[in-house]
Novice: 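Have a look at the structure that comes next, please.
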2 protein chains.
Amino acid sequence: MRISEASSKSGLSADTIRFYEKTGLVPAIARGPDGLRRFSPENVEWLTLLYWLRKTGMPMQEMQHFALLYRQGAQTLPQRRAVLLEHEKRLRRRRDDLDRCADVLAVKLAAYDRIEGDQP
Amino acid sequence: MRISEASSKSGLSADTIRFYEKTGLVPAIARGPDGLRRFSPENVEWLTLLYWLRKTGMPMQEMQHFALLYRQGAQTLPQRRAVLLEHEKRLRRRRDDLDRCADVLAVKLAAYDRIEGDQP
DNA sequence: ACTTGACCTGGAGTTGCTCCAGGCTCCTAA
DNA sequence: TTAGGAGCCTGGAGCAACTCCAGGTCAAGT
C-alpha cells in the first residue's frame, strides 16, 4: 500500500512517516517502479506501534534504540520486552499525573463555586 | 519569595517561569529593590496551576486565553470554569490513550512470549 | 493533449521549552 | 577590605518533534 493508506492505518501523518524514515525510526521502505513508497503490513504494524509509543510520551531517543533492536532481529526480543515493560511504567506515571491534575481542577472548581456563591 | 523557591513550590523550572512571564502567561512579577523577582503566594498558586495544565497537555494558546481571563478578574470566573471543564475532558481522552496503549503493549508482549516460547 | 491527484525532495517554520554567556549584587570568610 | 561564591538578571542560541510549503514527477482519466 502507499503512504496515505499507511498513514490512515497507523495514525501517523504522511509527513511524520517520512520524517521517521529519514531519522531511522522506520527501516527504509521499499519503493515501487514509480519511485513511490510501498508499505508492507509489517511496516504498518511497526508504524502503529510507534504511533502509540510516541502518543504516550516515549522520547524519540528511546524509540531510536527500540528501532535498532527491531532491525537486529529476533534475538533482541528480551531487550525489546524490557523497553516495553519500562514504557508500561511510564504509562502508570502519566496516569498518576492525570489523576493529580484532576484533583487540582476539582479543588479549583470548588473554589470558583464558593467565590461565585459569595456574589449575590 | 524568590524564583528558586517559586520554582520548587510550583514544579516549573526558573527558566520556564521567566519564559511564561515573557509571553504573558504569568502577570508581571513584582521586583524587590535589588531588581530580583518577588513571588507572592498567589503567584505561586497560579504557577502551580499552569504546571499541571501544561503537564497534562493544555496547549500554550489555550493557557494564554486562560491567563487573559485571569487578569481580567473575578467576573470571568464562568469562562475560566468552562476552560477547566474542557480540560477535564482532555484528561479523560488522555487516559483513554494510555489505556489503549497499554492494550497494544499487552498484545505485543504476548506475541513476544509466543515467539520466544517457540525457540527451543 | 491536458488536467487532476497522489506522491516526491529539500528546506523553512513552529511550539515549548532549555541552556548559555556575560554581567549584576549581596554575603561570607580570610 | 577584598576576594570568592551563590543566586539572580537579560538576550539570544539551540533543541525535539514535528508541520508546512514550493517546486517537481508520474499515471490515469476526459
Side-chain angles (χ1 to χ4, degrees), chain A residues 1-40 43-44 46-68 87 90 94 97 101, chain B residues 1-40 43-44 46-68 87 90 94 97 101:
Chain A
M1 81 198 68
R2 307 208 292 207
I3 201 167
S4 61
E5 197 180 341
S7 165
S8 62
K9 283 193 174 155
S10 67
L12 296 168
S13 74
D15 270 329
T16 299
I17 293 172
R18 285 189 281 256
F19 171 68
Y20 281 4
E21 190 187 5
K22 235 185 275 182
T23 57
L25 261 181
V26 176
I29 302 294
R31 302 292 180 124
D34 48 9
L36 306 190
R37 292 176 181 80
R38 290 299 142 81
F39 295 79
S40 70
N43 288 154
V44 172
W46 177 244
L47 288 172
T48 305
L49 182 55
L50 293 186
Y51 168 78
W52 284 108
L53 295 178
R54 254 324 276 138
K55 185 159 201 181
T56 53
M58 183 180 288
M60 279 194 68
Q61 277 210 0
E62 198 172 330
M63 299 213 311
Q64 299 274 4
H65 177 223
F66 189 56
L68 179 63
H87 191 63
R90 183 158 21 215
R94 294 223 151 195
D97 285 344
C101 182
Chain B
M1 79 197 71
R2 307 208 291 207
I3 201 167
S4 61
E5 198 181 341
S7 164
S8 61
K9 282 192 176 157
S10 68
L12 296 169
S13 76
D15 269 330
T16 299
I17 293 172
R18 285 189 283 254
F19 171 69
Y20 280 4
E21 191 188 4
K22 234 185 279 181
T23 56
L25 261 180
V26 176
I29 301 296
R31 302 292 180 123
D34 48 8
L36 305 190
R37 291 175 181 82
R38 290 300 141 82
F39 295 80
S40 70
N43 287 154
V44 171
W46 177 245
L47 288 172
T48 305
L49 180 54
L50 293 186
Y51 168 79
W52 283 110
L53 294 178
R54 254 323 278 139
K55 184 158 200 179
T56 53
M58 183 181 287
M60 278 193 67
Q61 276 210 0
E62 198 172 329
M63 300 212 311
Q64 300 273 5
H65 177 224
F66 189 56
L68 178 63
H87 191 64
R90 181 155 26 212
R94 292 226 152 194
D97 286 343
C101 182

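In what follows, chains are A, B, ... by sequence order, proteins preceding strands, each numbered from 1.
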Novice: Tell me if a side-chain donor or acceptor on B:R54 pairs with a main-chain N or O of B:M58 at a distance below 3.5 Å.
Specialist: yes
Novice: Please round to 10 degrees the angle between the axis of the first five pairs and the axis of the last five pairs in the helix from C:dA1-D:dT30 to C:dA30-D:dT1.
Specialist: 10°
Novice: Side chains of B:R38 and B:R31: closer than 4.5 Å at any heavy-atom pair?
Specialist: no
Novice: Figure out the CE/C1' separation between B:M63 and C:dC17, and round it to whole Å.
Specialist: 11 Å
Novice: Could you tell me whether the side chain of A:R18 reaches within less than 4.5 Å of the side chain of A:K22, counting heavy atoms only?
Specialist: no
Novice: Taking the basic N atoms (NZ, or NE/NH1/NH2) and the acidic carboxylate oxygens, is any pair closer than 4.0 Å for B:D97 and B:R94?
Specialist: no
Novice: Given atom CD of B:Q64 and atom C1' of C:dG16, what is their separation to the nearest angstrom?
Specialist: 11 Å
Novice: I'd like to know whether B:T23 forms a side-chain contact (heavy atoms from CB on, under 4.5 Å) with B:Q64, so could you lay out the CA-CA distance, the side-chain angles of the two residues, the decisive distance to 0.1 Å, and finally the verdict.
Specialist: CA-CA 8 Å; B:T23 56; B:Q64 300 273 5; 4.0 Å; yes
Novice: Please tell me which of the listed nucleotides, C:dC8, C:dC7, C:dG16, lies nearest to the side chain of A:R31?
Specialist: C:dC8
Novice: Rounded to the nearest 0.5 Å, how far does CG of B:L53 lie from NE2 of B:H87?
Specialist: 5.0 Å
Novice: Please report the distance, rounded to the nearest Å, between CD in B:E21 and C1' in C:dG16.
Specialist: 17 Å
Novice: Of B:M60 and B:R18, whose nearest nucleotide on DNA chain C comes first from the 5' end?
Specialist: B:M60
Novice: Verify the contact: side-chain N or O of B:T16 to OP1 or OP2 of C:dT18, cut-off strictly under 4.0 Å; return yes or no.
Specialist: yes
Novice: Find the distance B:Y51:OH to C:dG16:C1' and express it as a whole number of Å.
Specialist: 15 Å
Novice: Reading DNA chain D in the 5' to 3' direction, which nucleotide is the first one with an atom under 4.0 Å from a heavy atom of chain B, and which is the last?
Specialist: D:dC8 to D:dT10
Novice: Distance check, rounded to the nearest 0.5 Å: B:I29 atom CD1 versus B:E21 atom CD?
Specialist: 5.5 Å
Novice: With heavy-atom distances below 4.5 Å as the criterion, would you say the side chains of A:L50 and A:M63 are in contact?
Specialist: yes
Novice: To the nearest 0.5 Å, what is the distance between CD1 (B:I3) and CD1 (B:I17)?
Specialist: 5.0 Å
Novice: Looking at B:F39, B:F66, B:W52, which one forms a ring-ring contact (aromatic ring centres under 6.0 Å, His included) with B:W46?
Specialist: B:F66
Novice: Any chance you could measure B:N43, atom CG, to B:M1, atom CE, to the nearest 0.5 Å?
Specialist: 8.0 Å
Novice: Tell me: NZ of B:K22 to C1' of C:dG16, nearest whole Å?
Specialist: 12 Å
Novice: Closer to the 5' end of DNA chain C via nearest nucleotide, is it A:L36 or B:Y20?
Specialist: A:L36
Novice: Could you give the CG-to-P distance, from A:D15 to C:dT14, as a whole number of Å?
Specialist: 16 Å
Novice: Using a heavy-atom distance cut-off of less than 4.0 Å, which residues of residues 3-12 of chain A contact DNA chain C?
Specialist: A:I3, A:S4
